[in-house]
Amino acid sequence: MSAFNALSQLGTDLERLFAAMTSLDGILLTGASDPILQAIEDLGLHYNAICKNYSPDAFHPDRVSFNATDAADLVARMRNTIEVIRDGETERILSRLRHHHGKLPEAEIIEVRRHRDLFIPILMREFRDEIDKVQRHLDRHDRSTYDEHNSVPFFAFYLFSEWDTVESIPVVFECLKLSDDGPFDLLSDGLHEQLSHYLAQFLSHDLDQIDAIICDPKLNMFVRWSAVTSYHYLVRDQNITLEDSIARLEKNFHATKVIGADGRPGESHCYEVSAAILVMLQKMGSSMQNILSDSQNWNFIESSIFHPDYAKPLSESDVQKELRRLSPTRIPDCLECLRHWAAFESPAPKPALKSAILNSESPSRSPMPSIPSSGHIQESPSRSVSGTLRQEERTPRNAKCPCGSGKKYKQCCLRR
């Protein structure tokens with residue numbers, strides 16, 4: 001992989017041929033497959049075979065004078081070897097990104113970064129293929145066969161943000177338009193953790209598109225929730241004023257509420273989105289006077305998620321503190337961001353030798369209690385601490401909450 005730049009520019013010029021061959025010298029191909037090693041060996045053997053037809057000086061590039069036929073043959077074989085190396089190494093990297101087995105593939109992500117221009121179209125193609133795969137399962141209403149999770153869309157989503165890849169917007173939006181849990185299947189907890197950043201990063205000049213996501217009842221609830229949260233970053237980045245953001249969010253609140261005849265949520269209503277708007281208005285210091293004046297709204301919102309008593313707006317100084325606490329909109333380093341996720345295992349620390357000896361030789365010494373790693377503490381039944389990839393089984397939204405409150409899960413711990 002590290003010889004890509006030199007090799008890909010190879011021409012028929014003999015001087016470039018030797019420069020490219022010299023650049024292969026000493027390269028270590030991590031985990032190189034047999035076809036790659038065989039292709040490199042074949043190239044060397046063929047080169048030696050051609051050189052036998054010339055004087056011993058042929059092994060010195062400053063003295064050699066190959067004929068045109070042999071030079072063209074060497075160039076063709078070099079190009080073929082380059083393609084074998086490129087395709088083999090690319091597939092090896094993609095394989096690790098697809099199935100990370102609980103360990104962050106740092107080495108492979110670093111390689112992808114080194115060859116960004118090569119991998120952007122590859123990642124986008126794999127992302128789109130996985131969208132089509134999920135869509136087929138959704139169309140058949142059969143998710144039982146979707147058992148091989150591909151993490152390439154998840155890692156690509158973070159790399160696109162780090163690289164500020166504007167051309168990624170169409171494929172990401174295809175993902176967001178998937179029904180049911182389709183977006184979660186592809187982005188895992190990146191849907192909760194990063195989507196609001198992504199929308200603020202790439203749609204800062206198209207707020208109508210963000211509002212369209214918020215108001216679209218066909219979209220996944222967490223996609224709509226993240227679109228609401230993106231306003232926090234838009235205000236912090238000064239892409240919209242605090243006053244304008246409050247006005248747009250209030251407008252979105254009235255556009256998304258669906259009140260039935262009895263004042264309760266109407267059909268197809270996703271009250272979590274309305275609750276997200278209220279939470280965001282509170283963080284921005286809005287008095288919510290336009291909303292509080294309509295008493296129907298409080299029968300319409302589940303009190304376990306947002307109650308009028310909680311509707312005390314933040315002071316101006318507290319609003320600014322909240323904005324300053326926000327993480328960067330664009331990811332400066334996706335590895336640094338993902339390295340601390342609970343989904344990716346860290347090597348277990350080795351026990352101190354002295355402590356091990358003392359504990360084994362002293363019967364009176366009580367063993368130290370086992371303390372679970374903080375990386376595995378769950379903050380809610382729906383998802384664990386930042387970075388848990390999709391769980392095998394999740395509590396259904398309408399089932400009783402596992403915390404024992406007796407309420408439905410969606411009315412209790414789903415977004416706590």
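None of the values given here were measured: they were computed from a predicted structure.
Counting only heavy atoms from C-beta outward, the side chains of His115 and Thr90 never approach each other to under 4.5 Å. Between Phe160 and Leu123, the closest side-chain pair of non-hydrogen atoms falls below 4.5 Å. In this structure, the side chains of His232 and Glu322 come closer than 4.5 Å at one or more pairs of heavy atoms. With contacts defined as side-chain heavy-atom distances shorter than 4.5 Å, the pair Glu126/Asn150 qualifies. No side-chain heavy atom of Leu219 sits less than 4.5 Å from a side-chain heavy atom of Leu178. The side-chain heavy atoms of Val112 and Ile122, taken from C-beta on, include no pair separated by under 4.5 Å. Two residues are said to be in side-chain contact when any heavy atoms from C-beta on lie closer than 4.5 Å; Leu338 and Phe154 meet this criterion. Side-chain atoms of Leu278 and Leu249, non-hydrogen and from C-beta on, never get closer than 4.5 Å to each other.
His137 contributes atom NE2, which lies 13.5 Å from atom CG of Asp180 (distance to the nearest 0.5 angstrom). Note that OG of Ser245 is 9.5 Å distant from CE of Met280, once rounded to the nearest 0.5 Å. For the atom pair Ser274 OG and Arg224 CZ, the distance stands at 8.0 Å (nearest 0.5 Å). In this structure, Gln320 CD and Leu314 CG are separated by 11.0 Å, a value rounded to the nearest 0.5 Å. With rounding to the nearest 0.5 Å, the separation of CD1 in Ile277 from NE2 in His254 is 9.5 Å. How far OG1 of Thr165 is from CD1 of Ile120: 4.0 Å, rounded to the nearest 0.5 Å.
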(request) Start with the C-alpha gap between Phe119 and Glu111, add the side-chain angles, then the distance that decides, and say whether side-chain contact (heavy atoms from CB on, under 4.5 Å) holds. (result) CA-CA 10 Å; Phe119 272 98; Glu111 283 291 300; 5.8 Å; no

(request) Determine, step by step, whether Leu323 and Tyr233 satisfy the side-chain contact (heavy atoms from CB on, under 4.5 Å) criterion, reporting the C-alpha distance in whole Å, the side-chain angles of both residues, the deciding distance to 0.1 Å, and the verdict. (result) CA-CA 8 Å; Leu323 294 173; Tyr233 299 94; over 6 Å; no

(request) Please assess Arg136 against Lys133 for the test side-chain contact (heavy atoms from CB on, under 4.5 Å), listing each intermediate value before the final yes or no. (result) CA-CA 5 Å; Arg136 287 195 297 272; Lys133 179 180 175 182; 3.8 Å; yes

(message) Let's go through Gln209 and Phe173 carefully: what are the C-alpha distance in whole Å and the side-chain angles of both, what is the deciding distance for side-chain contact (heavy atoms from CB on, under 4.5 Å) to 0.1 Å, and is it a yes or a no?
(response) CA-CA 11 Å; Gln209 197 163 358; Phe173 267 66; 3.1 Å; yes

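At distances below 3.5 Å, at least one donor-acceptor pair connects side-chain atoms of Asp333 with backbone N or O atoms of Glu336. Side chain of Asn220 to main chain of Pro183: no donor-acceptor pair is present (N/O by atom type, distance under 3.5 Å, no hydrogens or angles). Between the side chain of Arg330 and the backbone N or O of Glu162, at least one donor-acceptor pair lies under 3.5 Å. A donor-acceptor distance shorter than 3.5 angstrom exists from the side chain of Gln201 to the backbone of Ser161, with no hydrogens or angles considered. Looking only at distances, a side-chain donor or acceptor of His100 sits under 3.5 Å from a matching main-chain atom of Gly102. Remark: side-chain polar atoms of Arg116 are paired, donor with acceptor, to backbone N or O of Trp163 under 3.5 angstrom. Using modelled atom types, one side-chain atom of Asn252 and one backbone atom of Arg248 make a donor-acceptor pair closer than 3.5 Å. The backbone N or O of Pro328 lies less than 3.5 Å from a partner atom in the side chain of His197, making a donor-acceptor pair.
Under a cut-off of 6.0 angstrom, the local environment of CD in Glu167 is crowded, with over 12 non-hydrogen atoms contributed by other residues, nucleotides or ligands.
The minimum heavy-atom distance between Ser196 and Thr229, with the atom names listed, is CB-CB, 3.9 Å. Nearest approach of Pro105 to Leu97, heavy atoms of both residues: CG-CD2, 3.7 Å. Taking all atoms of both residues into account, the shortest heavy-atom contact from Leu186 to Pro153 is O-CB, 3.7 Å. Heavy atoms only, all atoms of each residue included: Val171 and Ser168 are closest at CG1-O, 3.1 Å. Considering all non-hydrogen atoms of both residues, Leu94 and Val152 come closest at O-CG2, 4.1 Å. Looking at every heavy atom in both residues, Ser204 comes nearest to Asn239 through CB-ND2, 3.5 Å.
When each of Cys175, Ser226, Ser230 is tested with Leu195 by the rule side-chain contact (heavy atoms from CB on, under 4.5 Å), just one qualifies, namely Ser226. When each of Leu207, Asp208, Ile213 is checked for a side-chain contact (heavy atoms from CB on, under 4.5 Å) with Ile210, only Leu207 meets the rule.
In this view, Thr241 and Asp244 satisfy the side chain to side chain donor-acceptor pair (under 3.5 Å) rule, not counting sequence neighbours. With sequence neighbours excluded, no residue satisfies side chain to side chain donor-acceptor pair (under 3.5 Å) with Tyr158. Every residue two or more places apart in sequence or in another chain that forms a side chain to side chain donor-acceptor pair (under 3.5 Å) with Thr329 is listed here: Arg236, Asp237. Under the side chain to side chain donor-acceptor pair (under 3.5 Å) criterion, Glu243 pairs with no residue at all, not counting sequence neighbours. Shown here are the salt bridge (Lys or Arg N to Asp or Glu O under 4.0 Å) partners of Asp117, two or more places apart in sequence or in another chain: there are none. For Tyr198, the ring pair (Phe, Tyr, Trp, His ring centres under 6.0 Å) partners are Phe157, Phe202, not counting sequence neighbours.
For Phe155 and Trp341, the gap between ring centers reaches or exceeds 6.0 Å.
We find that Glu174 and Arg128 are joined by a salt bridge, their nearest charged nitrogen and carboxylate oxygen being less than 4.0 Å apart. Residues Glu91 and Arg98 are paired through a salt bridge, judged by an N-O separation under 4.0 Å between the basic side chain and the carboxylate.
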